K.L.:
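Mind having a look at this structure? Questions to follow.
The shown structure was predicted, so the numbers you read here are calculated from the model rather than taken from an experiment. Counting from 1, the numbers follow the sequence of the chain as shown.
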Amino acid sequence: MNILRMKDRIHAKDLAEVEALWVQGVEQKAPLEQFLAVLEALVAAEHHELAETLAWSLLEERLDPGEPAHGLPLARAVVSVVPDSTVLREKAVELYRQVHGQHEHFDQILQSSGLAMGQGIRGALQTLDVCLRVTPESYVANRYEHNVFRVQGFDALMGEYLLIDADSYEIHLEPKKLAAEYDPVAPDDFRVLYQHRRDELAALLDNDPAAVLIGVCRSHGGEVDSNTLKDRLVPDVLSPAQWSKWWSRARTASKKTDTLSLEGRNPVIISWHPHGRTLEEELAPEVDAAKLPMERLDLLRRYARETQQRGATYDPAFAQPLMDALADQARQFRTSWVSESLKAVLAIDAALESGAPEPQKGPPAAGDVLKSAEDPAAALAELSTTDLWDRAMAVLEQREDAPDLLRRLLGLADARVIDDLAARLAARGRQEDLDAAVADALVQPREHVQILIWLWKGPQTPPTQLPSRMDQFSRLLAAMEDMHRDYHYSHDRKRELCRQIRSALGNLEGFREVLESIEEPLAATLKRRIERNDGITAALREQMLTLIRDRFYRLFLKERVATWADENILWTTEAGYQAKEAELKELVEFKLPANSRAIGAAAALGDLSENSEWKFAIEERTMLQGRQAKLQDELTKARLLHPDEISTDAVSVGCRVTLQRIDTGTTLDVTFLGVWDSDIENRVYSYKTTLGQTLMGKVPGDIVTLSLEGGEADYRIDRIANALKADALAGRE
């Protein structure tokens, strides 16, 4: 791959030749570094669209759907070079989710990183890579001061990690802050041993000096010289007199392990090799853990790949038990679990291609396994999420009922293979089957989510009548709505299907097409459905509402003056909001930590059953945590009042109302502001009060019965003014 030539063509703006040279490089399997250099040059020359296109072509060529863990580093590298590409970010998010989606706090860490929201790519990737490695009781080291903290846990409510240093000092950090300043460190890192586990360090110095060498190497990036080693140990953990004897023992111990090497004389360079064991030894625990056919196939492929990468010799004896286990599963599952039996048979074929030995006792033929299935289509559908799909289709094509099975599979298979099914049906002259499947999906969207996702992503073999973008979008929303109303759906299945729908909808180009095709009344309905759909994440909802706002801004102006009755919104002035935020900050940063210290001090006094101080502190903690949750919920619902968006056509939030008493003719002014803005002495009331709710929506001339000064009486609404503008003119804050 001629990098200089490609950079020259980029400078000359001969992008057609750049693309041709790129394709050659892909075919020749050029090193990744060369592709990244070209992408950097394209981005620097502001050819962003071509950079995105070429980067995507590289991902399509090199990503293995069955091995997301191996594809993630490639996606990270590409999106780092082309950071403004939405589709590349989405692909990186998808791979992160496939690899780390089971992490308890994955969604919060992903949102905090900003990877899906277009934030700085370096910080986003760093946040994910660091925080997905951090677990309770693990350790992190400050990148600049080298202080080590133990991770106490993650507060999902606050979105923060709690860290504790060796002196029990606590700090709270959000994921992005943690990733920016701290690195995960292993428990046997010397910094951890020295700061948190001094007793263990003393024992290691005496009994396992090689472990101490490894710990010091870890704390220095894998390598340290003997002079630095001495400075770390003497005099803090070893006296000068102990050093020589200990160093002699450590050198002897290092020669007995294949993870350490010593080179040079003055100073000696100590290097740690974490992969000192053979590949077979490293993978042995995973062999025991692998139980299902795809797990065993993944392990066989990994062994073949890493053997080649390390220049090692492929050992058939390592692969033989895995191949024999696959053959056993193919026989055992043949009648009880046909899909897994079929996976095992096809996995054997795939593993043979990577160099694995034949099973000692052959498995049944794939065609015979499929014949034993009561529902062959259902068994095949379970392979649609694996990279064995093409092999499964080769088995299906040998059957006389192949067209009928293809039609059945349209309603069962994953969206990723529906294009393949559609093409196979079209080749057999069965276009009407595809049309019927699409019609079924429009009538019963919840039962045909995969077809709807396929349509939304853009089919390569479309039905005769392609539904409009609006129809597709509406059915996807309906599918999520129905699933959340149907309690018979399992939680895991509901969550996974909604995740797939959100992933599809995350490509907002389709949603833009929807908005371009509709008028304001339909947009208003669509807006309400998006707001009320529990399956849409907050981030995606905000993106969609922003696009609606850009095209139909009046919908939001009307909503703004009408939401005084909305239970999901709490209107407030900026001053009220800041006061409430200050209250939450005081609670989190001062009252709760003080309460934690009080609990610890009380617990230290002894018998908790008779300890009134401890019981009082626990009760106070419950009260404080309840208050914290309430404040956070209220602040989440808060919306700021803006002077330019207050309507005076009727009484609403932000209005000053002049009331005239009917029987006396006297007048008085009352002001209605947010829930945290009451000032009774100056007749400023929350719009949530009984008085406020009574007057909301009334217009000048309306007569209402109110209990105000002097008792109950009838009042006429005389005037309505914009209280925020009036306050501004009067110089009020």
Side-chain angles (χ1 to χ4, degrees), residues 3 6-7 10 18 22 26 31-63 68-101 103 105-134 140 143-144 159 161 173-184 499 502-509 537-540 542-544 546-547:
I3 303 297
M6 295 182 76
K7 289 185 176 181
I10 291 171
V18 172
W22 179 280
V26 171
L32 175 61
E33 293 75 17
Q34 295 184 5
F35 290 108
L36 297 179
V38 174
L39 293 176
E40 286 178 350
L42 285 168
V43 172
E46 298 188 352
H47 297 306
H48 300 286
E49 184 175 348
L50 180 58
E52 180 183 90
T53 300
L54 296 183
W56 186 256
S57 71
L58 181 64
L59 290 180
E60 288 187 318
E61 173 65 22
R62 295 198 172 184
L63 288 182
H70 296 290
L72 181 55
L74 172 61
R76 289 181 75 264
V78 169
V79 78
S80 295
V81 179
V82 193
D84 294 330
S85 168
T86 300
V87 294
L88 294 179
R89 283 177 178 259
E90 290 170 351
K91 188 61 179 178
V93 168
E94 177 186 338
L95 288 169
Y96 267 110
R97 189 176 296 280
Q98 290 176 9
V99 177
H100 299 289
H103 190 288
H105 305 296
F106 176 82
D107 287 329
Q108 283 182 280
I109 293 171
L110 176 63
Q111 184 174 2
S112 180
S113 75
L115 178 59
M117 303 296 291
Q119 296 185 21
I121 193 66
R122 181 177 178 182
L125 295 176
Q126 186 179 57
T127 299
L128 285 165
D129 293 343
V130 170
C131 294
L132 291 173
R133 292 166 56 195
V134 170
V140 293
R143 201 169 290 130
Y144 310 104
Y161 286 93
L173 294 174
E174 62 179 7
K176 183 163 283 190
K177 181 76 168 175
L178 175 70
E181 297 182 8
Y182 292 80
D183 289 319
R499 184 198 64 76
R502 289 194 302 269
S503 178
L505 295 180
N507 181 359
L508 294 173
E509 286 304 314
T537 61
L540 180 58
E542 183 60 30
Q543 288 178 307
M544 289 181 170
T546 297
L547 292 177

K.L.:
Taking the side chain as everything from C-beta on, heavy atoms only, tell me whether L63 gets closer than 4.5 Å to H70.
P.N.:
no
K.L.:
So how far is it from S80 OG to I121 CD1, rounded to the nearest 0.5 Å?
P.N.:
5.5 Å
K.L.:
Quick one, I109 and H103 - any side-chain contact, counting heavy atoms below 4.5 Å?
P.N.:
yes
K.L.:
Regarding Q126 and K176, do their side chains bring together a donor and an acceptor under 3.5 Å, going by distance alone?
P.N.:
no
K.L.:
Side chain to side chain contact (heavy atoms under 4.5 Å, CB included) with L178: which of L173, D183, T127?
P.N.:
L173
K.L.:
Would you say the side chain of M544 lies within less than 4.5 Å of the side chain of L505, judging by non-hydrogen atoms?
P.N.:
yes
K.L.:
Going through the distances and angles, do L132 and F106 end up as a side chain to side chain contact (heavy atoms under 4.5 Å, CB included)?
P.N.:
CA-CA 7 Å; L132 291 173; F106 176 82; 3.9 Å; yes
K.L.:
For a side chain to side chain contact (heavy atoms under 4.5 Å, CB included) check, start with the C-alpha distance between L125 and V79, then their side-chain angles and the critical distance, and finish with the verdict.
P.N.:
CA-CA 10 Å; L125 295 176; V79 78; 4.2 Å; yes
K.L.:
Side-chain contact test, heavy atoms from C-beta onward, threshold under 4.5 Å: evaluate it for L54 versus L58 and give yes or no.
P.N.:
no
K.L.:
Looking only at heavy atoms, what is the nearest atom pair of G120 and R89, with distance?
P.N.:
C-NH2, 4.3 Å
K.L.:
Run the numbers on H48 and V43 for side chain to side chain contact (heavy atoms under 4.5 Å, CB included), then give the verdict.
P.N.:
CA-CA 5 Å; H48 300 286; V43 172; 3.9 Å; yes
K.L.:
May I ask you to decide whether E94 forms a salt bridge with R97, counting only side-chain N to carboxylate O separations under 4.0 Å?
P.N.:
no
K.L.:
With no hydrogens and no angle check, do the side chains of E60 and W56 hold a donor and an acceptor under 3.5 Å apart?
P.N.:
yes
K.L.:
CG/L72 to NE2/H100 distance, rounded to the nearest 0.5 angstrom?
P.N.:
5.5 Å
K.L.:
Taking all atoms of both residues into account, what is the closest heavy-atom pair of A539 and M117, and its distance?
P.N.:
CB-SD, 3.7 Å
K.L.:
Using a 4.5 Å cut-off on heavy atoms from C-beta on, say whether the side chain of V78 contacts that of F35.
P.N.:
no
K.L.:
Roughly how far, to the nearest 0.5 Å, is the OH atom of Y144 from the OH atom of Y182?
P.N.:
10.5 Å
K.L.:
Using every non-hydrogen atom in the two residues, find where T86 and E52 come nearest and quote the distance to one decimal.
P.N.:
N-OE2, 4.0 Å
K.L.:
Step through the shown structure and confirm whether more than 12 heavy atoms of other residues, nucleotides or ligands are within 6.0 Å of CZ on R143.
P.N.:
yes
K.L.:
Would you give the length of the straight line joining atom NZ of K91 to atom OH of Y96, rounded to the nearest 0.5 angstrom?
P.N.:
14.5 Å
K.L.:
For the CG atom of D107 and the OG atom of S112, what is their distance to the nearest 0.5 Å?
P.N.:
12.5 Å
K.L.:
How about T546 and E542: do any of their side-chain heavy atoms sit closer than 4.5 Å?
P.N.:
yes
K.L.:
Is there a side-chain contact between R76 and D129, using heavy atoms and a 4.5 Å cut-off?
P.N.:
yes
K.L.:
Carefully, step by step, assess L508 and L540 under the rule side chain to side chain contact (heavy atoms under 4.5 Å, CB included).
P.N.:
CA-CA 9 Å; L508 294 173; L540 180 58; 4.1 Å; yes
K.L.:
Please name the pair of heavy atoms, one in G159 and one in P175, separated by the smallest distance, quoted to 0.1 Å.
P.N.:
O-CD, 3.3 Å
K.L.:
Do you know which two heavy atoms are closest between A55 and W22, and how far apart they sit?
P.N.:
N-CZ2, 4.2 Å
K.L.:
Say you draw a straight line from CZ of R62 to OG of S57; how long is it, rounded to the nearest 0.5 Å?
P.N.:
10.0 Å
K.L.:
Should V87 and N507 count as side-chain neighbours, where that means a heavy-atom distance under 4.5 Å?
P.N.:
no
K.L.:
For I10 and A45, which heavy atoms make the closest approach, and how far apart are they?
P.N.:
CG2-CB, 3.8 Å
